[in-house]
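Structure, as structure tokens:
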There are 2 protein chains.
Amino acid sequence: MEKNIEKFMTSTDCPVRNVLDRFGDKWSILVVLVLGEKGTMRFNEINKTIGDVSQKMLTVTLRTLEADGLVSRQVFPEIPPRVEYELTHLGISLVPHIHNLAAWANDNLGEIRTSREKFKV
Amino acid sequence: MEKNIEKFMTSTDCPVRNVLDRFGDKWSILVVLVLGEKGTMRFNEINKTIGDVSQKMLTVTLRTLEADGLVSRQVFPEIPPRVEYELTHLGISLVPHIHNLAAWANDNLGEIRTSREKFKV
DNA sequence: CCGCATCCGCTCTGATACTG
DNA sequence: CAGTATCAGAGCGGATGCGG
């Protein structure tokens, strides 16, 4: 960071592009947040908690998070099948940062809304 | 937060959905980061610093950030025209949080990459 | 119960050309 | 210099149906 921001930005190793872009999708942050809050959860539990995520997107999101090493997935060979998800230490280490962002969002939502309204005119 | 996460998640007022979704686009975070680093900047300056953003997307991104009240836009009626952008106090207040995230990304990029490689197999 | 496969619409993004 | 306009492609995300 600091003064090397130019190099930093254009580099293909830029952490912002490589990592944060991953959370630019619609659900990743929410899933991490939910798992951080609740601990271990089953697939349908996550689905219900978030509410309006489709099965497909939740699957895709969980797979991506698993690939990134943020979420662990444990399948129990039972009938009916049971699959439990929880955050890895890596995922857990991310939670406070997301909480901070969420808190910021919460604190400033009013001002942002006001600004958006004004801008319409 | 805390225990009301269910309500929190499903609410249409959920700050995560309303605010953070806004930064899910490809460039907003980068623009805020760059402006936070450099202070006041002209359009082409931002364009060059980021490197591979198209003129169109930079315009759209800046307009959105302006609408949200994170960035201020000042036009100087000269020829050739000059337009300067800088963060508002709201935008500035967001920067540290993004820095934290970027730092996290930087610290854990290696581990995430390793995990992604492993997952391929 | 979990989740993959398919299809499809829609949004986002970029390339290009043009204007004050 | 700082945009706007238009067009076209890619990929996200949802609905549905099927399978272990």
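Computed from a predicted structure; not experimentally measured. Proteins get letters first, then strands, A, B, ... in listed order; numbering begins at 1 in each.
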Single hit among R116(A), K118(A), R113(A) for salt bridge (Lys or Arg N to Asp or Glu O under 4.0 Å) with D68(B): R116(A)
Sole residue of V53(A), L35(A), T61(A) in side-chain contact (heavy atoms from CB on, under 4.5 Å) with I46(A): L35(A)
With Y85(B), the side-chain hydrogen bond (donor to acceptor under 3.5 Å, both in side chains) member among E66(B), R42(B), R73(B): R73(B)
Whole angstrom value for the distance that separates P of dG3(D) from CD of E78(B): 13 Å
Where G69(B) and S115(A) come nearest, the two heavy atoms and their spacing: N-OG, 3.1 Å
Identified side-chain contact (heavy atoms from CB on, under 4.5 Å) partner of L65(A) from the options L70(A), T88(A), L87(A): L70(A)
Interatomic distance where CG belongs to N44(B) and C1' belongs to dG3(D) [whole Å]: 10 Å
Sugar-phosphate only, base, or nothing, as touched by F76(A) at under 4.0 Å among non-hydrogen atoms: nothing
End-to-end axis angle, where each axis spans five pairs of the helix from dC1(C)-dG20(D) to dG20(C)-dC1(D), to 10°: 50°
Letter per nucleotide, 5' to 3', of nucleotides 5-20 of chain D [B base touched, S only sugar-phosphate touched, - untouched; heavy atoms, 4.0 Å]: -BB-----BBB----B
F43(B) CZ to dT4(D) C1', straight-line distance once rounded to whole Å: 11 Å
Heavy-atom contact window of chain A on DNA chain C, given 5' to 3' at under 4.0 Å: dC1(C) to dC7(C)
Short side-chain N/O contact to dC1(D) OP1/OP2 from Y85(B), under 4.0 Å: no
Interatomic distance where CD belongs to E84(B) and C1' belongs to dC1(D) [whole Å]: 13 Å
Non-hydrogen atoms of S28(B) and D25(B) that approach each other most closely: OG-OD1, 2.7 Å
Sidechain-backbone polar pair: N108(A) side chain, W104(A) backbone, donor-acceptor under 3.5 Å: yes
